[in-house]
Protein chains: 4
Amino acid sequence: MIDYRIDRGGGVPAYVQIVEQTERALRMGFLKVGDKLPTAKEVVAATAINPNTVLRAYRDLEQAGLVELRRGLGTFVTRSLARPGAEDDSPLRRELGDWVARARAEGLERADVLAMVTAALDTHDTAHDSRAPQDRARTKEDA
Amino acid sequence: MIDYRIDRGGGVPAYVQIVEQTERALRMGFLKVGDKLPTAKEVVAATAINPNTVLRAYRDLEQAGLVELRRGLGTFVTRSLARPGAEDDSPLRRELGDWVARARAEGLERADVLAMVTAALDTHDTAHDSRAPQDRARTKEDA
Amino acid sequence: MIDYRIDRGGGVPAYVQIVEQTERALRMGFLKVGDKLPTAKEVVAATAINPNTVLRAYRDLEQAGLVELRRGLGTFVTRSLARPGAEDDSPLRRELGDWVARARAEGLERADVLAMVTAALDTHDTAHDSRAPQDRARTKEDA
Amino acid sequence: MIDYRIDRGGGVPAYVQIVEQTERALRMGFLKVGDKLPTAKEVVAATAINPNTVLRAYRDLEQAGLVELRRGLGTFVTRSLARPGAEDDSPLRRELGDWVARARAEGLERADVLAMVTAALDTHDTAHDSRAPQDRARTKEDA
DNA sequence: GTGGTCTAGACCACT
DNA sequence: GTGGTCTAGACCACT
């Protein structure tokens, strides 16, 4: 069962956080087709957000074609976003684990790691002319 | 000069995106103490958001002690968040660049990469009892 | 400006009625790209439903790619559903107008007309093997 | 035997769809006094909705004076809504069939046809000052 | 002033 | 007991 963590006061709406965390779990294969999401009540108990907010997020996920809300039954995953390369035992994942361990050991914070990865993605995608590199801030120095 | 990218319709407020992208640039050393942020007018020209929204973000950054708004002059970086390990020529950064290139070559999307990194951070931090692992979704299977 | 009519107590949710009426106006060309939908406040004044309910409908329309909600500005049509054959001066439309006039003159109610059209669509689509004839009730006699 | 089609996820409650489809069949004369509605069990088998939902709809139809629930026997039509002009071989119906065939041949979708008919009804009823034109969206341009 | 989020609570639909 | 709609009202984001 996925376990949502809501960061209040970070400016990102709670329902967006639920949607993003769910999509992340789908990409990682932590959630599979047929899996049940926690009920609104369970999320409320764990996060202290309002059930309506949970349902708002679930509705968004439904419209994205990822889950199905069944009245009286619950909310179920209907589509996977799992990626071959992201598997538990893939070399890619093992190497990333090593890299993260070293980064943390060198004193880098979670936010530093995320900043580095975002920058690395920007650099790579810019160099390879990839489309739609959204959520990106570049500096002229990149040019 | 930092070049903000605003993703409208993603649910994350525009001012939050500016704050986050600025902090990321500070962590990466793309922005240094004394650097000037773009004027509200420049950001407006580049992103089509309202100048008040830009100023709202700059005020947040000022309250965080990262920049200073000097009336008539502009907004200037007053504090760095740069990290030793995150330098341009650090092994950590070079290795990450390689890893990202391979991940992309294997067909992983930007969102897949970010999901993997978030999961790797969660796994590492959980194993090492690190504090405040915000913005995280775990599954019971992690336990 | 479109003028919504909400039928409370008919069992159909108010936000669904707004969505359907908007889509109908788009198909008929009554609403064109760039047109502004009434503000939530205006709809509230005209229909006595809650602004949140209006926004819920507008959000649905946005996710369907038909309108864009611009904070501080309003809600605007971004895509047309207008059909060539449905134009104001098309023969099809003129003939339908005549037919409706005769049907009403013969004492048929609005609901009778709608029932007849639905049945005619079912009969035609079944005979021509058309796909996805949703919202249809057939009788075995059709077979 | 009437054959209900339930559109889940369209926002309209399942029991409302059953009621509407039944009324439509009554108006068209597809269902006549004395006819038996399918048992809840049969509807369940055909539509995968819960028997209680079917019974809820039948109870609504009973309260509207259209059917009678006889325990152990089934649900039977007690009142017709059939209209003289809506008969199978009426000119009105034949002409409508032709019109629908042409509309479909010109590429209009089911929803386009329904939108056109609704608009034609609105136009006619507005011009002739008819009562209670519910479920209608008009534009100022109509005036 | 416009839309956007969130809450608390009522009541409904469905299993 | 599950999700679904709607409300009233507070507060926020954006123009």
Side-chain angles (χ1 to χ4, degrees), chain A residues 6 8-9 11-18 36-44 47-60 62 67-76, chain B residues 6 8-9 11-18 44 47-57 60, chain C residues 6 8-9 11-18 36-44 47-60 62 67-76, chain D residues 6 8-18 40 44 47-57 60:
Chain A
I6 303 306
R8 345 259 303 176
V12 180
Y15 82 89
V16 172
Q17 296 183 48
I18 292 180
K36 189 175 184 290
L37 295 190
T39 65
K41 203 177 170 186
E42 286 166 343
V43 177
V44 166
T47 64
I49 64 178
N50 189 285
N52 285 333
T53 301
V54 182
L55 291 177
R56 160 74 200 270
Y58 284 4
R59 229 183 284 127
D60 279 14
E62 183 173 49
V67 309
E68 189 182 2
L69 282 69
R70 294 198 218 144
R71 252 199 273 232
L73 292 178
T75 302
F76 300 86
Chain B
I6 304 304
R8 313 169 82 77
V12 180
Y15 85 93
V16 172
Q17 296 182 50
I18 292 180
V44 166
T47 64
I49 66 177
N50 191 284
N52 288 328
T53 301
V54 183
L55 293 177
R56 158 74 199 268
D60 278 15
Chain C
I6 304 304
R8 348 255 307 174
V12 180
Y15 83 89
V16 172
Q17 296 182 48
I18 292 180
K36 189 174 184 290
L37 295 191
T39 66
K41 203 178 169 185
E42 286 166 344
V43 177
V44 165
T47 65
I49 65 178
N50 189 284
N52 285 333
T53 301
V54 182
L55 292 177
R56 159 77 199 267
Y58 284 5
R59 229 183 284 128
D60 278 15
E62 184 173 49
V67 309
E68 189 182 3
L69 282 69
R70 294 198 218 144
R71 252 198 274 232
L73 292 178
T75 303
F76 301 86
Chain D
I6 303 305
R8 311 167 84 77
V12 180
Y15 83 93
V16 172
Q17 296 182 50
I18 292 180
V44 166
T47 64
I49 64 179
N50 190 285
N52 288 329
T53 302
V54 183
L55 293 178
R56 159 72 199 269
D60 278 16

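Here is how names work: the chains are called A, B, and so on, in the same order as the sequence lines, proteins then strands, and each is numbered from 1.
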For dC14(F), the nucleotide meeting Watson-Crick or G-U wobble distances (both under 3.5 Å) is dG1(E)
*asked:* Quick check on dT15(E): is either OP1 or OP2 less than 4.0 Å from any side-chain nitrogen or oxygen of Thr53(D)?
replied: yes
For Asp60(A) and Tyr15(A) the tightest heavy-atom approach is OD2-CE1, 3.3 Å
- Task: Kindly say if Arg8(D) contacts the phosphate of dG3(F), meaning a side-chain N or O under 4.0 Å from OP1 or OP2.
- Result: no
So CD1 of Ile49(D) and CZ of Arg56(D): to nearest 0.5 Å the spacing works out to 12.0 Å
Per nearest nucleotide of DNA chain F, the residue lying toward the 5' end, Arg70(A) or Ile49(C), is Arg70(A)
Q: Check whether any side-chain heavy atom of Thr75(A) sits under 4.5 Å from a side-chain heavy atom of Glu62(A), and report yes or no.
A: no
To the nearest angstrom, the CG-P distance between Leu55(A) and dC12(E) comes to 18 Å
Report task. Quick one: label Tyr58(A) by what it contacts on the DNA or RNA (base, sugar-phosphate, nothing), any heavy atom closer than 4.0 Å. Result -> nothing
**Q.** Side-chain heavy-atom pair Val54(B), Thr47(B) within 4.5 angstrom cut-off
**A.** no
So does Thr75(C) get a side-chain nitrogen or oxygen closer than 4.0 Å to the phosphate oxygens (OP1/OP2) of dT2(E)?
no
Contacts of Ala48(D) and Lys41(C) projected onto DNA chain E by closest heavy atom; the upstream (5') one is Lys41(C)
Can you find a side chain N or O atom of Asn50(A) that sits less than 4.0 Å from OP1 or OP2 on dA8(E)? yes
### Message
I want to check one thing: is the phosphate of dC14(E), taken as OP1 and OP2, less than 4.0 Å away from some side-chain N or O of Asn52(D)?
### Response
no
Judged by nearest nucleotide, the residue sitting upstream toward the 5' end of DNA chain E, Leu37(C) or Gly72(A), is Leu37(C)
Taking the side chain as C-beta and beyond, is there a heavy-atom pair between Val44(A) and Lys41(A) under 4.5 Å? no
From CG of Leu69(C) across to C1' of dG1(E) the rounded distance in Å is 15 Å
note: Ile6(A), atom CD1; dT5(E), atom P; distance rounded to Å ~ 14 Å
Rounded to whole Å, the CZ-P distance (Arg71(C) to dC12(F)) equals 13 Å
Check your understanding: Are any of Tyr15(A)'s side-chain N or O atoms less than 4.0 Å away from OP1 or OP2 of dC6(E)?
Key -> no
Closest to the 5' end of DNA chain F, once Val16(C) and Val16(B) are matched to their nearest nucleotides, is Val16(C)
| Hey, does Ile18(D) have a side-chain heavy atom less than 4.5 Å from the side chain of Ile6(D)? | yes
When rounded to whole Å, the NZ to P distance for the pair Lys36(C) and dT15(F) reads 15 Å
Whole-Å distance, Gln17(B) CD to dC14(F) C1', equals 13 Å
Taken to the nearest whole Å, CG/Leu73(C) to P/dA13(F) is 17 Å
| task | Using only side-chain N and O atoms of Thr39(C), determine if any of them is under 4.0 Å from OP1 or OP2 of dG1(E). | result | no
Look at Arg56(D) and dC14(E) and indicate whether a side-chain polar atom (N or O) is within less than 4.0 Å of OP1 or OP2.
no
